[in-house]
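Each ligand, and each atom within it, is numbered from 1 in the order the structure gives.
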Amino acid sequence: MVNIRGMVVLEHNIFIAWQHACTYNLKAKQKVMSLSHVAPALPPGTKPLANQVAGHKYGEGKSKLGCLQHIDGTILKPVQYPPKGQREVDFYQTVFNNENTEEILQQLRCHVPQFFGIFESAENPKIKYLKLENLMYKFSQPCVLDIKMGKVTYDPEAPPEKIALELAKFPPAINLGYQFSGMQVFNPEQKKIVKYDKYYCKKLTEDTIIKQGFGKFFMIDSNFKRSLIKVVIRKLKSMKDWFLKQRKYAFYASSILMVYDGDKKQEEDCEMDYKSYDGIQDNVGHIADNERTVNGTANSENERTNVSAKMDEEIIVDENIEVKMIDFTHVFHSSEEDQNYLFGLENLIHHLEILLQDGS
Ligand SMILES: O=P(O)(O)O[C@@H]1[C@@H](OP(=O)(O)O)[C@H](OP(=O)(O)O)[C@H](O)[C@H](OP(=O)(O)O)[C@H]1OP(=O)(O)O
Ligand SMILES: Nc1ncnc2c1ncn2[C@@H]1O[C@H](COP(=O)(O)OP(=O)(O)O)[C@@H](O)[C@H]1O
């Protein structure tokens with residue numbers, strides 16, 4: 001049966017979007033084409049991504065397209081309308097192209113989810129998906145935080161209307177260089193997930209983001225996860241090192257996703273002496289600088305064993321949290337330092353260090 005009211009609303013929406021397209025650009029016109037009032041059939045072995053905290057969700061929004069989870073442990077992210085979708089496809093295909101031997105691209109791989117190619121299902125070959133590592137897969141109760149990076153979140157091709165929209169979304173981003181898009185935390189005492197949606201995130205300010213943002217994510221009030229925060233800081237510093245070296249890309253509106261298991265007790269005594277870690281990390285496979293004797297040679301076999309034992313401990317803690325860059329729909333080629341992203345990254349590191357100092 002034809003639902004007249006639904007049809008009228010849909011036609012009205014298409015008309016509004018069409019007007020928008022005329023005043024904006026071709027990109028918006030292509031969006032009109034992808035408007036749909038029904039969710040597409042799910043490819044076999046998939047379901048809507050559970051625990052997704054931000055972005056396009058399956059069955060919702062204008063396109064009804066969203067991330068799916070596959071039983072094989074990957075996620076399928078729909079390729080979005082042009083040019084957004086193609087930019088993200090190009091990005092992953094370049095970074096994971098085994099024939100490309102550029103060191104800077106190979107170094108980027110550890111900071112993004114693994115990419116397993118483009119997927120399409122026989123049922124609906126029009127919809128293409130990026131097949132990606134599911135960063136939540138190994139966790140039984142994932143606590144998830146999506147942080148959108150950059151003081152500027154509109155790309156160089158954005159029309160004035162999109163610029164205005166982005167500036168209005170979260171004005172403190174100009175000073176912070178990042179913003180929370182969404183998060184969820186599992187409370188083990190109450191055995192329930194607490195969700196903080198985009199409306200909660202938009203209310204955060206420069207003054208509240210450390211305690212009401214990161215503090216909630218790491219459950220500062222009940223079970224403050226110091227060891228996890230230290231690992232996050234280290235991973236972010238490693239990301240920063242990559243950004244200081246790279247002159248390939250400018251990342252706009254890209255996110256950092258953090259995931260840990262809310263059901264797992266994070267052992268404080270798993271922590272190693274954090275100060276000694278940098279030396280170890282920079283010399284993987286070698287003896288750390290600060291573990292050497294004054295004449296520069298390693299003390300003894302015992303010390304070698306100590307260092308590798310410490311590294312093993314840290315690796316265990318390291319695996320307890322994922323910190324990866326996601327969402328590359330607004331990535332552009334650039335031969336300059338990405339100061340926009342770096343500014344946010346530096347603030348992020350600094351704010352987590354403050355949380356660590358003041359939190360307990
Ligand atoms: O087209 P854009 O680039 O403005 O994309 C919008 C996104 O902006 P971003 O990619 O982050 O710059 C925008 O992202 P944010 O909310 O800013 O994180 C939304 O996802 C929006 O979808 P919807 O209107 O909420 O269904 C997105 O709109 P649609 O892709 O759904 O049209
Ligand atoms: N590789 C991944 N592993 C786990 N969850 C993911 C992954 N990629 C995205 N997500 C989830 O989906 C959300 C939206 O992802 P994103 O790539 O930003 O999509 P969009 O382009 O629709 O905004 C993230 O906030 C996160 O919750």
Point to revise | Full working for side-chain hydrogen bond (donor to acceptor under 3.5 Å, both in side chains) between T74 and D72 | key: CA-CA 6 Å; T74 61; D72 67 6; 2.7 Å; yes

Can you check which of [options] brings a heavy atom nearest to [atom]?
atom                    : options          : answer
atom 7 (C) of ligand 2  : D146, I75, V112  : I75
atom 3 (N) of ligand 2  : T329, L135, D327 : L135
atom 26 (C) of ligand 2 : L257, L130, T74  : L257

Check your understanding: Can you tell which part of P113 has a heavy atom less than 4.0 Å from ligand 2: side chain, backbone, both or neither?
Key -> side chain

Practice item. May I ask whether V259 places a heavy atom under 4.0 Å from ligand 2? Key: no

Practice item. Report yes or no: does a heavy atom of Q80 sit under 4.0 Å from some atom of ligand 2? Key: yes

Check your understanding: So if you build clusters from Ile, Leu, Val, Met, Phe, Trp, Tyr with side-chain heavy-atom gaps below 4.5 Å, do L76 and L257 land together?
Key -> no

Practice item. Assess the pair Y260 and F139: is the distance between their ring centroids shorter than 6.0 Å? Key: no

**Study point:** Close aromatic pair by centroid cut-off 6.0 Å: F115 and F91
**Key:** no

Exercise for review: Flag this pair as yes if the NZ/CZ of K225 is under 6.0 angstrom from the six-membered ring centre of F218 and inside a 45 degree cone about the axis; otherwise no.
Suggested key: no

[X] neighbourhood, listing ligand 2 atoms whose heavy-atom distance to it stays under 4.0 Å:
X    : value
E133 : 1 (N), 2 (C), 3 (N)
Q52  : 11 (C), 12 (O), 13 (C), 14 (C), 27 (O)
V53  : 25 (O), 27 (O)
N134 : 3 (N), 4 (C)
K77  : 16 (P), 17 (O), 19 (O), 20 (P), 21 (O)

Review point. What do you reckon, is NZ of K128 surrounded by more than 12 foreign heavy atoms closer than 6.0 Å?
Key: yes

**Study point:** Other residues, nucleotides, ligands: >12 heavy atoms within 6.0 Å of K138 NZ
**Key:** yes

Exercise for review: Mind running ring pair (Phe, Tyr, Trp, His ring centres under 6.0 Å) on F217 and F180 for me, showing each step along the way?
Suggested key: CA-CA 11 Å; F217 185 59; F180 279 33; 8.0 Å; no

